[in-house]
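Quick caveat, the model's predicted, so the values are computed rather than measured. For the numbers below, each heavy atom of this structure counts, side chains included, while hydrogens, waters and symmetry mates do not.
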Amino acid sequence: TDRVAYLPDSPEGNRVLGLLRRAFEQRLIFTIGTSMTTGLQNVITWNDIHHKTSIFGGPRCLKPACPICNTFHGVYTGTQPQGTMTVNSSLMKLPGFEKCGTLVIQYTFPAGIQGVRLAAFSHCSCSYVAAGLELIFIHQGAMFPSLITGHPNPGVRYSSTSRTAYLPDCAEGQKVLRLLKKAFDRRLTFTIGRSATTGLNNVITWNDIHHKTNIDGGPQW
């Protein structure tokens, strides 16, 4: 097999190149196992040292965590675009919560242009050095580059949208609301990608934090 990857020809890119060369010499970049893309077994595959393998679009990976111990570095934030989250109280009742009112959550996002996310992280048990859009994790003396992800197609426009969700206005609902507010502030509730319902690309879509979006029936998202 063979693989092609890309780095900017800049001081930061050359620094990362040196670290990648060292990782390759330590036989850390590839392994033999099951391919995540084809599902084939007993093939040469990437070993969690993430590379930019496409010229177009932003970096293709992953989470700001050490690829060896999975320790998150600082506060985990997502790629949610700029928007607002407002909450209002209503007297209407949700099924199963007839003794309390309803919290109505309104998410609103204006149209915009996709970009690359820059991030900063506080210190933790694993060391790291920043290099442009890269984090070089140092785990037990070995160095592991890991890319910070952005929107899938930087420079491409996305359209405006809004979503409405519901929670019971009770102690449990208020607790969930606080967690949803924290997720929204950390840009985790939505992302830009392919809509699971319409199939459209480059749109604002839910990011696997499920909401009740219909007053009747069970949870829907």
Side-chain angles (χ1 to χ4, degrees), residues 36-37 50 52 54 56-65 70-90 92 94-95 97 101-122 133-135 146-170 172-221:
M36 294 182 62
T37 53
H50 308 300
K52 179 175 174 61
S54 173
F56 304 102
R60 291 292 181 93
C61 310
L62 279 176
K63 60 187 179 182
N70 286 319
T71 300
F72 280 92
H73 292 256
V75 176
Y76 184 27
T77 58
T79 58
Q80 177 180 287
Q82 294 297 318
T84 60
M85 173 185 180
T86 58
V87 181
N88 293 295
S89 296
S90 171
M92 64 181 175
L94 294 175
F97 295 91
T102 298
L103 299 169
V104 182
I105 307 170
Q106 185 71 38
Y107 297 106
T108 305
F109 296 92
I113 299 175
Q114 298 180 51
V116 175
R117 178 172 65 88
L118 301 176
F121 301 92
S122 58
L133 296 180
E134 311 273 344
L135 287 184
S146 183
L147 293 173
I148 302 303
T149 188
H151 294 148
N153 295 297
V156 176
R157 294 190 62 83
Y158 58 87
S159 59
S160 62
T161 192
S162 63
R163 298 287 192 280
T164 303
Y166 306 93
L167 286 172
D169 192 0
C170 60
E172 293 86 350
Q174 292 285 349
K175 181 178 180 179
V176 172
L177 178 63
R178 290 192 293 271
L179 294 172
L180 289 177
K181 182 66 166 63
K182 181 180 290 187
F184 184 85
D185 291 342
R186 293 183 181 179
R187 304 176 64 187
L188 298 170
T189 308
F190 293 86
T191 188
I192 295 177
R194 183 183 180 88
S195 170
T197 54
T198 67
L200 295 176
N201 284 314
N202 301 307
V203 296
I204 298 172
T205 183
W206 294 106
N207 195 29
D208 290 333
I209 298 180
H210 306 302
H211 289 60
K212 181 176 176 61
T213 58
N214 192 322
I215 297 175
D216 300 312
Q220 298 189 30
W221 62 283

Exercise. Take R194 and L200 through the test side chain to side chain contact (heavy atoms under 4.5 Å, CB included) and record every step on the way to the result.
Key: CA-CA 6 Å; R194 183 183 180 88; L200 295 176; over 6 Å; no
Quiz item: So, for A111 and S160, which heavy atoms are closest and what is the spacing to 0.1 Å?
Solution: N-CB, 3.5 Å
Exercise. Hey, could you give me the CD1/CZ distance between I204 and F109, rounded to the nearest 0.5 Å?
Key: 5.5 Å
Quiz item: Are N88 and Q106 linked by a side-chain donor-acceptor pair shorter than 3.5 Å?
Solution: no
Practice problem: Walk me through it: do T189 and W206 pass the test side chain to side chain contact (heavy atoms under 4.5 Å, CB included)? | Solution: CA-CA 6 Å; T189 308; W206 294 106; 4.1 Å; yes
Exercise. Looking only at non-hydrogen atoms, find the nearest pair between T205 and R163 and report the distance.
Key: CA-NH2, 4.4 Å
Quiz item: Given side chains that start at C-beta, do those of L103 and Y166 come closer than 4.5 Å, heavy atoms only?
Solution: no
Quiz item: Which heavy-atom pair separates L188 from G78 by the least distance, and what is that distance?
Solution: CD2-N, 3.5 Å
Quiz item: What's the verdict on side chain to side chain contact (heavy atoms under 4.5 Å, CB included) for L167 and E172, showing C-alpha distance, side-chain angles and the deciding distance?
Solution: CA-CA 9 Å; L167 286 172; E172 293 86 350; over 6 Å; no
Distance-only criterion, 3.5 Å: show the donor-acceptor pairs between side-chain atoms of residues 175-184 and protein atoms not counting sequence neighbours.
{"from": "K181", "atom 1": "NZ", "to": "D185", "atom 2": "OD1", "distance (Å)": "3.0"}
{"from": "K181", "atom 1": "NZ", "to": "D185", "atom 2": "OD2", "distance (Å)": "3.0"}

Quiz item: Rounded to the nearest 0.5 Å, how far does CG of D169 lie from CE of M92?
Solution: 11.0 Å
Quiz item: Just how far is it from atom OG1 of T213 to atom CD1 of I105, taken to the nearest 0.5 Å?
Solution: 11.0 Å
Quiz item: Could you go step by step and tell me if I215 and L94 meet the side chain to side chain contact (heavy atoms under 4.5 Å, CB included) rule?
Solution: CA-CA 6 Å; I215 297 175; L94 294 175; 4.0 Å; yes
Exercise. To the nearest 0.5 Å, tell me how far F190 CZ sits from T79 OG1.
Key: 12.0 Å
Quiz item: How far does OG1 of T102 sit from CZ of F97, to the nearest 0.5 angstrom?
Solution: 9.5 Å
Quiz prompt | Straight-line distance of T108 OG1 to M85 CE, nearest 0.5 Å | solution = 11.5 Å
Quiz item: Got a donor-acceptor contact below 3.5 angstrom from the T191 side chain to the N207 backbone?
Solution: no
